[in-house]
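One structure is given below, encoded as structure tokens.
To find a chain, count down the sequence lines: A is the first, B the second, and so on, and within it residues start at 1. Computed from a prediction, not measured in an experiment: that's the story for all the values here.
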Protein chains: 2
Amino acid sequence: MERNTRQRAAIRAAFSRARRPLGPTEVLELARQDVDGLGIATVYRTIKSLVDDGWLTAVGLPGEPDRYEPAGLAHHHHFRCKSCDRVFDLEGCVEGLKKLVPKSFQLEGHELILVGRCKQCAA
Amino acid sequence: MERNTRQRAAIRAAFSRARRPLGPTEVLELARQDVDGLGIATVYRTIKSLVDDGWLTAVGLPGEPDRYEPAGLAHHHHFRCKSCDRVFDLEGCVEGLKKLVPKSFQLEGHELILVGRCKQCAA
DNA sequence: GTCGTTGCAAAGCGTTTGCAGCCTA
DNA sequence: TAGGCTGCAAACGCTTTGCAACGAC
């Protein structure tokens with residue numbers, strides 16, 4: 001059974017405030033604003049437990065470790081800024097996925113990641 | 001300047017024969033059929049050098065390390081089988097990417113990964 | 001013979017785990 | 001007070017690097 005600790009509250013708050021997918025190190029930096037001395041092991045453990053609880057979901061990005069965002073968002077995709085390395089949520093999806101796959105293959109899902117420069121870095 | 005060693009030839013041959021993106025361990029297994037005692041460090045070093053030469057390109061997959069395939073293929077995407085974990089090339093692309101991105105963002109590229117079960121594993 | 005390449009082992013690096021003490025309920 | 005939670009440090013797994021021996025040219 002789960003306890004409400006300062007650490008867990010700070011980690012959840014970090015996600016709620018960020019409104020974009022965060023990696024473990026980003027979470028550590030943000031949550032340390034609330035809890036001094038927070039350890040990276042606690043961040044990893046808490047992320048895993050929040051994923052198990054269904055409060056967070058993993059965001060898979062090509063060639064790098066997963067980041068995480070609150071679960072329950074509508075189906076959407078992500079934009080990664082080449083310059084600041086932050087990831088942003090995008091609304092909407094694309095069509096015509098099924099026609100890319102051979103008929104003998106079973107299509108069960110897809111991931112789409114757009115890359116470029118975010119508003120801040122494009123300026 | 002670059003030398004033609006048995007190891008390098010075996011690693012290139014592995015990619016040519018496989019006709020799908022390979023990870024370092026897959027390369028090791030395949031290339032060891034030609035060169036007994038091949039070391040994993042050599043595989044990593046050779047992959048890096050082939051990428052630098054422009055003979056290989058990295059294939060980024062969500063939540064896992066890059067795989068590699070010969071460079072120069074037409075723009076395409078990938079299908080990852082949930083069951084056997086192999087990755088296959090797909091032809092074609094999708095439309096309507098630009099409309100997903102806020103106008104203030106600069107879109108420079110995209111990655112699309114379809115997941116499901118391959119012909120073999122769907123049977 | 002030169003010097004790039006190789007295999008081994010050690011070092012890195014991000015992530016996970018063991019453990020004693022802490023703190024929530 | 002009990003037992004989950006935390007921080008530290010050690011352990012892990014994958015990738016990279018140092019080094020002496022090897023081998024392509």
### Query
Got a sec: does the CD of Glu91(B) have more than 12 other heavy atoms crowding it under 6.0 Å?
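12 or below, so no.
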
### Message
Looking at Asp34(B) and Arg12(B), is there a salt bridge between them, counting it only when a charged N and a carboxylate O are closer than 4.0 Å?
### Response
no

Quick one: do the [X] and [Y] side chains pair a donor with an acceptor below 3.5 Å?
X	Y	value
His77(A)	His110(A)	yes
Ser49(A)	Arg8(A)	yes
Glu69(B)	His78(B)	yes

To the nearest Å, how far apart are [X] [atom1] and [N] [atom2]?
X	N	atom1	atom2	answer
Arg32(A)	dT6(D)	CZ	P	14 Å
Glu64(A)	dC14(D)	CD	C1'	17 Å
Tyr68(A)	dG14(C)	OH	P	15 Å
Leu28(A)	dT6(D)	CG	C1'	13 Å
Ile47(A)	dT6(D)	CD1	C1'	15 Å
Asp66(A)	dT16(C)	CG	P	10 Å

### Task
Please determine, for the side chain of Gln7(B), which listed nucleotide (dT5(C), dG7(C), dG7(D)) has the closest atom?
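Nearest listed nucleotide: dG7(C).
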
Contacts table for residues 93-106 of chain B: side-chain donor-acceptor under 3.5 angstrom, sequence neighbours left out:
none

### Query
Reading nucleotides 16-25 of chain D from the 5' end, what letters show protein touch, with B for base, S for backbone sugar-phosphate only, - for no heavy atom under 4.0 Å?
BBB----BBS

### Task
Could you say whether Thr25(B) or Leu38(A) is positioned toward the 5' end of DNA chain D, judged by the nucleotide with the nearest heavy atom to each?
Leu38(A)

